[in-house]
Number of protein chains: 4
Amino acid sequence: MSTRIAKQQPVMRKRPRQARSRATVETILQAGARILSDEGWAGFTTNKVADLAGVSIGSLYQYFPDKLSLVDAIRQRHLDDCLAVMRKSKAKGLPPVQFVTSLVHAMIAAHSIYPGLHRVLLDEAPSSDDYRNPNSAFEIEYLGYYAKAVAIYRNHQPGRTDQTAALIISDAIDGVIHNAARRGMLGNPTVQSELIRLVSLYLEDAGDSAIAQAE
Amino acid sequence: MSTRIAKQQPVMRKRPRQARSRATVETILQAGARILSDEGWAGFTTNKVADLAGVSIGSLYQYFPDKLSLVDAIRQRHLDDCLAVMRKSKAKGLPPVQFVTSLVHAMIAAHSIYPGLHRVLLDEAPSSDDYRNPNSAFEIEYLGYYAKAVAIYRNHQPGRTDQTAALIISDAIDGVIHNAARRGMLGNPTVQSELIRLVSLYLEDAGDSAIAQAE
Amino acid sequence: MSTRIAKQQPVMRKRPRQARSRATVETILQAGARILSDEGWAGFTTNKVADLAGVSIGSLYQYFPDKLSLVDAIRQRHLDDCLAVMRKSKAKGLPPVQFVTSLVHAMIAAHSIYPGLHRVLLDEAPSSDDYRNPNSAFEIEYLGYYAKAVAIYRNHQPGRTDQTAALIISDAIDGVIHNAARRGMLGNPTVQSELIRLVSLYLEDAGDSAIAQAE
Amino acid sequence: MSTRIAKQQPVMRKRPRQARSRATVETILQAGARILSDEGWAGFTTNKVADLAGVSIGSLYQYFPDKLSLVDAIRQRHLDDCLAVMRKSKAKGLPPVQFVTSLVHAMIAAHSIYPGLHRVLLDEAPSSDDYRNPNSAFEIEYLGYYAKAVAIYRNHQPGRTDQTAALIISDAIDGVIHNAARRGMLGNPTVQSELIRLVSLYLEDAGDSAIAQAE
DNA sequence: AATGAATGAGACTTCATTCAT
DNA sequence: CATGAATGAAGTCTCATTCAT
């Protein structure tokens, strides 16, 4: 489950060896994340990133062979951060509401630094990887995490249906957080508690209710 | 609540008078929707639209004074379509599951023609209107619709809390549909029924459960 | 000297035969003059002219095969008007100051309808004719007119030097009127009287003063 | 009078730091002046300028954010040159004819490099500055210079009338030089001496002649 | 004859990328 | 290594002109 993601080659022209280089790369990645978050993929230009990072465009291209490799690096780091956050909220032992609460809070926290970044990285920006393929390391760990929680709370062996439930939960949380961010309501406590309720109710339901049959 | 959405003129440079030109405008709008859906805002170029529409770039600019006015026209049409779809699923009288079912099916249908269009229009593409301002005619009718359903099923007078519930429902559905579309799973019946369950459970819950207190 | 200018074919695709056609051509020419005057050559587009004239672009092209022929027609008419105005101020018999006064007033009047037109036609707009060649019918009559006045007032036979004097007078008047127009001072009476003084002093001077030797 | 003209930054996107780029800017400005002079505002395209300068279009836009800023830079330089030329011909102490002679020669010299440039910059090309406003630094110094000469030669205190006389002189010289340039007669010595005579006679005249009363 | 829809060359401008210093 | 000058393909938009109706 906690498979370390990102075994693939870090797509960098030259691995930074000295401290100064590492700092430069760091600055570039942060500048890139900020611009991606603030201006979206369409406003993300290599020159703007270099400017904001305070390095020359030439330096940027020493570490990232092209624009795609830069955005890939930013995404890789962001997805790693997301997984790290998630791993901290373990389901086992907790009552569902508490689990969901800690999870939602963690997710909201992760979105608060660069509010637009997640969506831009996942929806707008192109990628050389197939990070969003259902079989990618990221998706496997990400959905697997939810599927496991479903299995625990529904009290049965993990199964194929749990995958769908995981999808529903993950995507509903994503939708609410992303739209709340757009509306500037991410900090609103009612939004947070209602989101928690939405997910908890779903998670607590045995899944054998009359609803399925109604279909 | 059912405020008629603002019927502002799609800002066209020239209103088409002959049948031929009305057809041209139609073709351009459809080509634009397809490209927006398939390639996102960054891949949406006026030349590509004209090409796909099979008209010259000059013709496009006869009807739309600039790129923004074209995307505005596409958006206006799309949002109108969304509202029209929604208005067909009336809550009153139906058991919640049936209401949610018809609603979700309608929404999925609306997203199936141009799967990426909705998100691109709402998240990526810039706009001259403030269509996504919480006070815009679109948002008012859209969220008002959900708020009304919440009030009906929770069996009380409409209130401020219902607004938040409406937000949660609308954004959760949005998140699930949009991510399912990206994964190519929009047609998957399990996804559909689970989404319906997620929303129905939330809608049926009185809102006075222990969840809020747990927070 | 008063050779009728414009023997060359009016560059029109089709000579207007009916009253309606003549009216259309007239409207187009006036619309063209106004736009040329107000917006200069760079702002002069055939579509704008057609719009202002209230005819379709197709109709415009029925009378004028291309943009150049339209501007040529406008220029031809304008230069004819200028010559007509000039012919009214005859030098013979009048004291120089009175002659210059009537001439300057006539010139200012001619520039007051479309203040920018003259300069645009002579300086900016391209031409198929060589109307500004020193041997063109227009230049011959225009400068000849001034040369004749010089000969009269300097009281000798017309000669080559008079041509230069004519040039000086015509171009000085042109410069003062055109710049006054740009500054919005065409109506200023002091400007008018000083211009008259400038020209009169020059015209009254025998031409044998010490000035030439000083050079 | 000798108010230093506004030294506003030529609005450049990027100040050239290396010697190479300073040379590039210089080349671009000269190419621009030539094209403006030869082909007028309508023929002045950024691509033509870049071509003639022997640089890529991208280089041009590194230094000038748009077409207007390029023409503004060319104009600023040209007007500065004009003022510099003028400042060299001081009126005091010289007999009028000598003063006018040196002035006219200087002006002709200034127009001889790019004969059409002055007119195009002042009449055709649009501008972001209000350089031609009567209160602009340029106009104030330019006309003030002539007004001062008028006051000296007419032997009285500077006054409001001198402003008009300055206008007349400046605009008459402008008209003669500009039209002579168009006719290719700028080098003609008779034209030069006659222009000098026109201005000298006007400048020497006390201004109390019978002419004003004749009006 | 008149209309106005359609065309496309060409103008302005951006931005990813390379390379001399 | 770092810099930033230079490049040019590609995108937005205009406008003279043609042609079907």
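In what follows, chains carry the letters A, B, and so on, assigned in the order in which the sequence lines appear, proteins first and then strands, with residues in each chain numbered from 1. These numbers come from the heavy atoms of this one structure, side chains and all, not from hydrogens, waters or symmetry mates.
- Taking only side-chain nitrogens and oxygens, Y63(C) comes nearer than 4.0 Å to OP1 or OP2 of dA2(E).
- Straight-line distance from the CD1 atom of I57(A) to the C1' atom of dC1(F): 16 Å, rounded to whole Å.
- Across the protein-nucleic acid pair, D51(B) atom CG and dT12(F) atom P stand 12 Å apart, rounded to whole Å.
- Looking at heavy atoms from C-beta onward, F44(D) lies in side-chain contact with I74(D) at the 4.5 angstrom threshold.
- In this entry the distance linking CG of N47(C) with C1' of dA2(E) reads 15 Å, nearest Å.
- Residue order along DNA chain F, read from the 5' end via each residue's closest nucleotide, puts G54(D) first among L68(B) and G54(D).
- Distances were taken from every side-chain heavy atom of S56(A) (C-beta onward) to each of dA16(F), dT3(F), dT13(E); the shortest belongs to dT3(F).
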Problem - Worked check of salt bridge (charged side-chain N to carboxylate O under 4.0 Å, His left out) between D80(B) and R77(B) - result: CA-CA 5 Å; D80(B) 279 351; R77(B) 169 173 294 211; over 6 Å; no
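- Taking atom CD1 of residue I28(A) and atom P of nucleotide dA2(F), one finds them 9 Å apart after rounding to whole Å.
- For the pair S59(B) and D66(D), nearest-nucleotide mapping onto DNA chain E gives the more 5' position to S59(B).
- The partner of dT21(E), taking Watson-Crick or G-U wobble pairs whose two distances both stay under 3.5 Å, is dA2(F).
- The two atoms that bring S127(A) and R75(A) nearest to each other are CB-NH2, 2.8 Å, heavy atoms only.
- Using a 4.0 Å heavy-atom criterion, one finds that T46(B) contacts the sugar-phosphate atoms exclusively.
- As the counterpart of dT12(F), dA11(E) is assigned, both hydrogen-bonding distances of the Watson-Crick or G-U wobble pattern falling under 3.5 Å.
- Scanning atom types as modelled, no donor and acceptor separated by under 3.5 angstrom connect the side chain of Q62(B) and the base of dA5(E).
- Looking only at side-chain heavy atoms (C-beta outward), Q76(A) and D72(A) stay at 4.5 Å or farther from each other.
- In this structure, the CD1 atom of I35(D) is 11 Å from the P atom of dA11(E), given to the nearest Å.
- L70(D) has its CG atom 13 Å from the C1' atom of dT13(E), to the nearest Å.
- Rounding to whole angstrom units, CD of residue E39(C) and P of dC15(F) are separated by 10 Å.
- Looking at heavy-atom distances under 4.0 Å, T45(D) makes contact with sugar-phosphate atoms alone, never a base.
- Contact detail for T46(C) and K67(C): the closest heavy-atom pair is CG2-CG, 3.8 Å.
- Heavy-atom minimum distance, L52(A) versus R34(A): CD2-CG, 4.1 Å.
- With DNA chain E read from its 5' end, the first of the two nearest nucleotides for G58(B) and F44(A) is the one closest to G58(B).
- Distance, F64(D) CZ to dA6(F) P: 12 Å, rounded to whole Å.
- At the phosphate of dA5(E), neither OP1 nor OP2 sits under 4.0 Å from any side-chain N or O atom of T24(B).
- Look at S21(B) and you won't find any side-chain N or O under 4.0 angstrom from OP1 or OP2 of dG4(E).
- With dT13(E), dT17(E), dA5(F) as the choices, the nucleotide that has an atom nearest any side-chain atom of Y61(A) turns out to be dT17(E).
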